[in-house]
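Scroll down for the structure; my scribbles are underneath it.
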Amino acid sequence: MHYQADGWGYYLAAGRCMGGGDPLERVARLAAESAVVVFSVSSCCMCHAVKRLFCGMGVNPTVYELDHDPRGKDIERALMRLLGTSTALPVVFIGGKLVGGMDRVMASHINGTLVPLLKDAGALWL
């Protein structure tokens, strides 16, 4: 698998790991591959904010920029179905488990449950 280090974490090369198959199965497989996974679109301000939050905490998430992948729209639609919303991004998985969108991540951060989730997933060692 090809990883590219960036200021936000690790970005997977477009299309390399998002092979064929059911989009929900791909989401589950990709979400389980790293401690913190963010599905994002490079032009989304909320996606930018969640990546900044994690980087500010010392977490290096694996980021999938769906607008850089030819099958990104299929993944985005699968995430919308998974969340039951019409806007899917960003979507965050920690320890292979769905946390949700920006609202759920920020709520977890504010109420103090985000850091324990990150520690349990092995993304933080504080």
In the structure I gave you, are the side-chain heavy atoms of L98 and L83 within less than 4.5 Å of one another anywhere?
yes

Of the non-hydrogen atoms in K51 and V38, which two are nearest, and what is the gap between them?
CG-CG1, 4.5 Å

Say you draw a straight line from CG of D67 to NZ of K73; how long is it, rounded to the nearest 0.5 Å?
8.5 Å

Might you work through the side chain to side chain contact (heavy atoms under 4.5 Å, CB included) test for V115 and K119, ending with a clear yes or no?
CA-CA 6 Å; V115 168; K119 285 181 180 178; 3.7 Å; yes

Decide if atom CE of M80 counts as having more than 12 heavy atoms of other residues, nucleotides or ligands within a radius under 6.0 Å.
yes

In terms of the angle between their ring planes, are F39 and Y64 parallel, tilted or perpendicular, with boundaries placed at 30° and 60°?
parallel

Checking the side chain of D74 only, and the main-chain atoms of P23 only, is there a donor and an acceptor separated by less than 3.5 Å?
no

Which atom of A121 lies closest to which atom of I94, heavy atoms considered:
CB-CG2, 3.7 Å

Donor-acceptor contact present, side-chain T85 to main-chain T87, <3.5 Å
yes

Measuring from atom CG of D69 to atom CZ of R26, what distance do you get when rounded to the nearest 0.5 angstrom?
8.0 Å

From the options V63, L89, V92, select the one residue that forms a side-chain contact (heavy atoms from CB on, under 4.5 Å) with V50.
V92

Working to the nearest 0.5 angstrom, can you tell me the gap between L124 CG and M57 CE?
5.5 Å

Run the side chain to side chain contact (heavy atoms under 4.5 Å, CB included) check on V27 and V91 step by step: do they pass?
CA-CA 10 Å; V27 166; V91 176; over 6 Å; no

Rounded to the nearest 0.5 Å, what separation is found between the SG atom of C47 and the CZ atom of R52?
14.5 Å

Nearest heavy-atom approach of H68 to S42 is NE2-OG, 3.6 Å

Taken to the nearest 0.5 Å, the spacing of H109 NE2 from L117 CG works out to 13.0 Å

Residues in ring-ring contact (aromatic ring centres under 6.0 Å, His included) with F54, at least two apart?
none

If I take atom CE from residue M106 and atom CG from residue L114, how far apart are they, to the nearest 0.5 angstrom?
9.0 Å

